[in-house]
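Just follow the structure's listing: the first ligand is 1, and inside any ligand the first atom is 1. Given the structure is predicted, the values throughout are model-derived calculations rather than measurements. Starting from 1, each residue takes its place in the sequence as its number.
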Amino acid sequence: MQASALRSALRNSRQPIAQAGVARRAYATAKTQTLKERLAELIPAEIENVKAVRKEHGAKAFGQVTVDQVYGGMRGLPALLWDGSVLDAEEGIRFRGKTIPDCQAQLPKAPGGSEPLPEALFWLLLTGEVPTPEQTQALSKEWAARAQLPEFVEEILDRCPPTLHPMTQFSMAVTALNHDSAFAKAYQQGISKKDYWGPTFEDSMDLIAKLPNIAGRIYRNVFGKGKLPAIDPSKDYSANLATLLGFGDNEAFVELLRLYVVIHSDHEGGNVSAHTGKLVGSALSDPFLAFGASLNGLAGPLHGLANQEVLIWLRKMKAQIGDDISDEKIKEYVWATLKGGQVIPGYGHAVLRKTDPRYTAQREFALKHLPDDPLFKLVGQIYKIAPDVLLEAGKAKNPWPNVDAHSGVLLTYYGLDQMNFYTVLFGVSRAFGVAAQLIWDRALGAPLERPKSYSTEAIKKIFANKP
Ligand code: CMX
């Protein structure tokens, strides 16, 4: 029984004392149950659930696969299982059925805070349940306890030239964590397939826990921000991340990070970073190797690097036009970008066909915390102009802004204005979604991915005599 159901059962209880006692003990257990214990309970039922779905529907077809889909980046091709989140083209993302506003309303928050804690989101992604505040806090503590980096990983980062892109450093450090992978070790020792999820869970917890130290170290090394402070086990994940970056005293920035990590955590399975992690994990590469690969995909300008590109684009716009920017000048600049054969960064999406609710959540944060910031106003002004230009240009299927159109402006406002670091924060967040799915993939015995590829010659032959 879920904690909330138990709570209400207790509240409404007219049961004999003995039964109420049992319920109270069950509630106390549920309240303190760890994430791993809860998962261990959920996995057998989900294995049966999947078996039943496959038995009933396994031979049914989703529909046709067209030649255009093979050439067109597999858009819309139903090909992957991903339980943590589902993306609707019109509505945007839902994490285990919950929208971003649902998460803001229902997930536990820090004392005095109003944004959901990423710890709670990870619990939700893995179990489909909202954790209690105690369980959320226990995750903060557990991650703090697992946060330390092996010395050799610190040395790898310290030896990187500051000119090496932060995302390259990030991916190197994450990949190197494979040195201590519980999964890789267990596999060498002959672990049974049914037990794969246990060490995958341990590696995933270590991975998420160590990311603030990696991100903080890269930030301080690359931008000359001094020595990294220690993780504080009494603070939540985002507060520690903020402290490691040097912004721990600013509670509004900590709140921003909580929201940031939650909204960037997962965007169903087909995007490049998520799919790459799943694909590499399917070879039974451990979570560090799998997520290192995710990061290399996230580092592409059509994916996560777009948050850096947006800021570069905005700065160029300001340098070209000056501070007094009229709608007409913005329109001209957007057209000039398109005519130069470049994309408008932060606009468009492979799946979404409306304004990204992750953009909206950040806009609402800005309206609350920085309504008069000139760069925020500029982003809002572009929002009124760019979609019409993209529509008129007639190519992009979605002229609306995505998550990356807004994030850099918020970070810049608080003083984190080193834009080539932005994708690292996206990467810290994306680990939550990828790790959750990696754990379920191993629990459900997901097989090696191996889709079929065709050459153009083969395609010509297959369809030569077909209408
Ligand atoms: N500016 C200019 N042209 C755009 C565009 C944009 N923002 N968005 C799409 N287009 C173009 C595409 O480049 C494509 O042109 P070609 O036919 O010449 O190749 C055409 O419109 C059709 O593309 P689409 O089907 O609408 O979009 P895709 O699924 O191919 O691509 C995306 C999606 C996100 C890569 C694209 O919209 C884009 O490049 N946007 C800018 C980069 C960006 O913001 N990326 C971040 C996405 C979110 C994330 O993953 O972080």
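At least one N or O atom of G346 sits closer than 3.5 Å to an N or O atom of ligand 1. Between I344 and ligand 1, a contact under 3.5 Å exists for at least one N or O pair. Looking at L302 next to ligand 1, an N or O pair under 3.5 Å apart turns up.
Remark: side-chain polar atoms of Q437 are not paired, donor with acceptor, to backbone N or O of V434 under 3.5 angstrom.
Counting only heavy atoms of the protein, atom 50 (O) of ligand 1 lies nearest to H303 ND1, 2.7 Å. Looking from atom 49 (C) of ligand 1 to the surrounding protein, the closest heavy atom is D404 OD2, 3.3 Å. Of the protein's non-hydrogen atoms, the one nearest atom 4 (C) of ligand 1 is A396 CB, 4.0 Å. In terms of protein heavy-atom proximity, atom 3 (N) of ligand 1 is nearest to V343 CG1, 4.0 Å. Closest to atom 43 (C) of ligand 1 among all protein heavy atoms lies A306 CB, 3.6 Å. When hydrogens are left out, the protein atom nearest atom 36 (C) of ligand 1 is Y347 O, 4.3 Å; that is the closest non-hydrogen contact. From the protein, the heavy atom lying nearest to atom 33 (C) of ligand 1 is A350 N, 3.6 Å.
Inside a 4.0 Å radius of atom 19 (O) of ligand 1 there is not any protein heavy atom. Within 4.0 Å of atom 14 (C) of ligand 1, not a single protein heavy atom is present. There is no protein heavy atom less than 4.0 angstrom from atom 23 (O) of ligand 1.
Summarising the geometry, atom CD belonging to Q137 is positioned 13.5 Å from atom CD belonging to E142; distances are rounded to the nearest 0.5 Å. Note that the NE2 atom of H264 and the CG atom of L298 stand 9.0 Å from one another [nearest 0.5 Å]. Between R96 atom CZ and L126 atom CG the span is 7.5 Å, to the nearest 0.5 Å.
Within the 4.0 Å heavy-atom cutoff, N271 does not count among the residues contacting ligand 1. Residue contacts with ligand 1 leave out T337, since none of its heavy atoms falls under 4.0 Å from the ligand.
Counted by atom type alone, K60 and H57 present one or more donor-acceptor pairs between their side chains at under 3.5 Å. Checking D102 against T99 by side-chain atom types alone, a donor-acceptor pair falls below 3.5 Å. In the model, S114 has a side-chain atom that pairs as donor or acceptor with a side-chain atom of K368 under 3.5 Å. Side chain to side chain, E449 and H275 meet the donor-acceptor criterion of an N or O pair below 3.5 Å.
Applying the side-chain contact (heavy atoms from CB on, under 4.5 Å) test between K377 and each of L370, I325, V409, D372 identifies D372 as the sole match.
Comparing H267, K397, R430 by heavy-atom distance to atom 25 (O) of ligand 1, the nearest is K397. Counting heavy atoms only, K395 comes closest to atom 16 (P) of ligand 1 of the residues K395, R75, R358, H349.
In L338, the part holding a heavy atom less than 4.0 Å from any atom of ligand 1 is the side chain. Neither the backbone nor the side chain of V272 has a heavy atom within less than 4.0 Å of ligand 1.
E202 has a carboxylate O that lies under 4.0 Å from a charged side-chain N of R146, or vice versa, which qualifies the two as a salt bridge. A salt bridge is defined here as a Lys NZ or Arg NE, NH1 or NH2 lying under 4.0 Å from an Asp or Glu carboxylate O, and R217 with D158 meets this definition. With salt bridges taken as basic N to acidic carboxylate O contacts below 4.0 Å, none links E328 and K331.
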